Amino acid sequence: MTDTPTPVLAPTAFQRRLLEWFDEHGRHDLPWQFWRTPYRVWVSEIMLQQTQVATVIPYFERFMARFPDVQSLAAAEQDEVLHLWTGLGYYARGRNLHKAARVVVDEHGGEFPLHSLEEMAAMPGIGRSTAGAIVAQSQGRRAVILDGNVKRSLSRLHAVPGWPGRVAVEHRLWELAEHYTPHERLADYTQAMMDLGATLCRRGTPECGRCPFNDVCLAHARGEERRFPESKPRKALPTRTTRMLLLRDARGRVLLEQRPASGLWGGLWSLPQFDEAAALQAWLDVHAPGSRLDAPRAPFTHVFSHFRLEITPQPARVERLDSIGETRRWYDPDNPDAVGLAAPVKALLASLATFTLDTPPGP
DNA sequence: AAGTCGGGGAC
DNA sequence: GTCCCAGACTT
């Protein structure tokens with residue numbers, strides 16, 4: 001991933017299209033827009049990290065009413081700051097906000113170090129993008145942002161492959177963001193980029209018909225807007241193992257157990273399950289003494305949404321079993337009851353109907 | 001590079 | 001239910 005960005009538009013053309021769209025269709029009346037002090041922009045940017053605008057607005061209003069400036073925030077107890085953060089999530093943001101306020105007051109004389117992006121980004125809770133957003137929005141000075149909205153828009157516009165969480169992909173997106181960022185109207189441009197991603201170039205249903213870049217967007221040309229940005233790679237599903245007891249009586253019936261009413265396979269009928277062979281044997285010793293184990297059948301895998309279950313069927317024979325209770329039943333594979341069965345259990349039982357126990361096939 | 005932090009919206 | 005959101009920080 002060493003190739004340089006290949007912008008689809010010259011910076012001036014990009015900026016003209018974007019700002020023209022923003023002037024007519026952008027958001028111009030968010031609470032932190034009408035009085036863009038560094039403090040208000042800062043608080044809004046922190047609250048907006050990984051949090052949608054509609055959620056933030058009431059928190060922002062309450063916060064500003066109680067802490068109208070950085071001095072009042074620095075003077076507050078952390079408990080009160082976190083009280084106002086309750087329900088917003090990511091509470092480290094609130095703690096860092098409070099810490100940073102004290103840094104501003106104690107080490108910077110009550111003024112944000114806006115002249116230095118590095119110093120801004122060194123403050124607790126302020127990273128590269130947030131520092132750029134604060135400087136651009138409150139000072140109108142050239143600074144680059146790369147939030148989720150910008151990543152989405154730019155990765156679509158250029159069909160940037162790869163997950164933005166990867167360093168090389170993020171680096172390329174920063175380069176593109178840098179390429180397009182103007183030297184004027186920084187507050188509007190920054191807001192426009194976020195508005196584009198939030199209202200038009202949305203994750204699920206982008207409105208390409210209204211997009212000022214739909215004639216040059218590479219993802220749109222391919223009809224693959226939804227493929228960009230690429231999703232975080234799915235982690236390999238964890239695998240759990242289990243043994244299922246295939247206990248058959250002299251008539252060839254199989255013992256089933258009903259699952260708990262809620263949870264996995266809730267209310268369905270399944271085979272008795274055990275994590276370990278020893279546990280299975282112990283259960284037999286108690287409930288079916290004198291039963292005999294046959295050779296385990298070949299394990300097979302059942303896939304759930306969040307894990308794989310490797311099942312080892314363990315056939316056994318028993319002469320009789322007393323008082324099996326309400327949550328157990330004998331099931332005749334050749335004359336099946338009308339009950340719910342877990343899918344792999346159904347497959348196992350179906351295989352029993354046409355084959356004998358001594359010539360076990362896979363399910 | 002991967003894990004953690006969180007409540008809520010969209011689907 | 002899953003996936004993601006105006007990311008930053010820790011390990």
Side-chain angles (χ1 to χ4, degrees), chain A residues 1 22 26-27 30-33 36 40-60 82 84-100 103 117-118 120-138 143-156 162-171 173-174 177 187-207 226-238 262-266 304-307:
Chain A
M1 200 65 66
F22 173 73
R27 296 176 292 189
L30 297 172
W32 42 88
Q33 286 184 287
R36 292 194 283 208
R40 288 168 57 86
V41 171
W42 169 54
V43 173
S44 74
E45 288 299 328
I46 301 300
M47 287 187 170
L48 285 161
Q49 288 170 0
Q50 298 295 293
T51 310
Q52 297 184 347
V53 167
T55 302
V56 164
I57 288 176
Y59 285 87
F60 180 81
L82 292 182
L84 284 174
W85 213 269
T86 297
L88 196 54
Y90 279 148
Y91 298 96
R93 293 184 299 170
R95 296 193 300 272
N96 285 332
L97 195 77
H98 188 221
K99 287 183 198 168
V103 171
L117 278 176
E118 288 70 25
M120 288 294 291
M123 297 209 293
I126 301 181
R128 181 176 175 182
S129 184
T130 298
I134 296 170
V135 168
Q137 301 248 36
S138 72
V144 184
I145 67 163
L146 187 66
D147 67 355
N149 289 312
V150 180
K151 286 177 181 174
R152 186 166 55 253
S153 302
L154 291 182
S155 62
R156 282 175 176 165
W163 174 52
R166 286 174 47 199
V167 173
V169 177
E170 186 174 10
H171 177 70
L173 291 173
W174 271 111
D188 284 346
Y189 175 85
T190 300
Q191 186 63 46
M193 285 299 285
M194 294 191 282
D195 286 0
L196 185 75
T199 68
L200 219 59
C201 198
R202 297 187 300 263
R203 174 173 63 92
T205 54
E207 290 188 59
R226 297 285 299 275
R227 287 187 49 192
F228 300 95
E230 289 184 17
S231 297
K232 181 177 183 173
R234 290 261 125 246
K235 230 172 34 176
L237 296 180
S262 64
L264 189 66
W265 291 337
F304 292 94
S305 57
H306 53 310
F307 67 94

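From a predicted model like this one, the values you see are computed outputs, not experimental measurements. Worth knowing before you read on, the calculation uses all heavy atoms, side chains too, and leaves out hydrogens, waters and symmetry mates. Letters A, B, ... are given to chains in the order of the sequence lines, protein chains preceding strands, and every chain is numbered from 1.
Of the possible polar contacts, one joining the A/Arg93 side chain to the A/Leu88 backbone as a donor-acceptor pair under 3.5 Å is found. In this structure, A/Arg202 contributes its side chain and A/Thr199 its backbone to a donor-acceptor pair below 3.5 Å. The backbone N or O of A/Ala187 lies less than 3.5 Å from no partner atom in the side chain of A/Thr190, so there is not a single donor-acceptor pair. A/Arg226 contributes a side-chain N or O that, together with a main-chain N or O of A/Gly204, makes up a donor-acceptor pair within less than 3.5 Å. The backbone N or O of A/Gly26 lies less than 3.5 Å from no partner atom in the side chain of A/Asp195, so there is not a single donor-acceptor pair.
Rounded to an integer number of Å, the gap from CZ of A/Arg95 to C1' of C/dA8 is 12 Å. Atom P of nucleotide B/dG7 and atom CD of A/Gln50 are separated by 14 Å, given to the nearest angstrom. As rounded to whole Å, 11 Å separates atom P of C/dG7 from atom CD1 of A/Ile46. Distance A/Ile57 CD1 to B/dG7 C1': 17 Å, rounded to the nearest Å. As rounded to whole Å, 11 Å separates atom P of C/dA8 from atom CZ of A/Arg128. Per the geometry, CH2 belonging to A/Trp174 stands 11 Å off P belonging to C/dG7, to the nearest Å. We find that CG of A/Leu88 is positioned 13 Å from C1' of C/dG7, with the value rounded to whole Å. Here C/dG7 presents its P atom at 17 Å from CE of A/Met120, a figure rounded to the nearest Å.
Against DNA chain C, the stretch residues 188-198 of chain A makes heavy-atom approaches under 4.0 Å through A/Gln191, A/Met194.
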Using the 3.5 Å cut-off, write out each protein N or O paired with an N or O of nucleotides 9-11 of chain B and the distance between them.
| unit_1 | atom_1 | unit_2 | atom_2 | d |
| --- | --- | --- | --- | --- |
| B/dG9 | O4' | A/Gln52 | OE1 | 3.4 |

Sort me out a list of protein N/O and nucleotides 9-11 of chain C N/O pairs below 3.5 Å, or just none if empty.
| unit_1 | atom_1 | unit_2 | atom_2 | d |
| --- | --- | --- | --- | --- |
| C/dC9 | OP1 | A/Gly125 | N | 2.5 |

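Within the 4.0 angstrom heavy-atom criterion, only backbone atoms of the sugar-phosphate kind lie near A/Val167; the bases stay farther away. In this structure, A/Leu30 reaches the bases: a heavy-atom distance under 4.0 Å links it to at least one base atom across the strands shown. Across all strands, A/Trp85 comes closer than 4.0 Å to no nucleic acid atom at all (heavy-atom distances).
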Using distance only, find each side-chain donor-acceptor pair of residues 122-134 of chain A under 3.5 Å and give its atom names and separation, not counting sequence neighbours.
| unit_1 | atom_1 | unit_2 | atom_2 | d |
| --- | --- | --- | --- | --- |
| A/Ser129 | OG | A/Leu146 | N | 3.0 |
| A/Thr130 | OG1 | A/Gln49 | NE2 | 3.1 |

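C/dC9 and B/dG8 have their P atoms separated by 24 Å, given to the nearest Å.
Shown here are the ring pair (Phe, Tyr, Trp, His ring centres under 6.0 Å) partners of A/Phe22, two or more places apart in sequence or in another chain: A/His28. Evaluation of the side-chain contact (heavy atoms from CB on, under 4.5 Å) rule for A/Glu230 yields A/Pro161 as partners, not counting sequence neighbours.
Remark on DNA chain B: of its neighbouring residues A/Gly165 and A/Tyr91, the 5'-side contact belongs to A/Gly165, judged by nearest-heavy-atom nucleotide. Of the residues near DNA chain C, A/Tyr90 and A/Glu230, the one whose nearest nucleotide (by heavy atom distance) lies more toward the 5' end is A/Glu230.
Separating the CD atom in A/Gln33 from the CZ atom in A/Arg40 is a distance of 10.5 Å, to the nearest 0.5 Å. The CG atom of A/Leu97 sits 12.0 Å away from atom CD of A/Glu45, with the distance rounded to the nearest 0.5 Å. Taking CH2 from A/Trp85 and CD1 from A/Ile46, the interatomic distance works out to 7.0 Å, rounded to the nearest 0.5 Å.
Atom CZ of A/Arg227 is surrounded by 12 or fewer heavy atoms from other residues, nucleotides or ligands within 6.0 Å.
For B/dG7, neither phosphate oxygen OP1 nor OP2 lies less than 4.0 angstrom from any side-chain nitrogen or oxygen of A/Thr51.
Closest to the side chain of A/Ser231, from the set B/dC5, C/dC4, C/dC5, is C/dC4.
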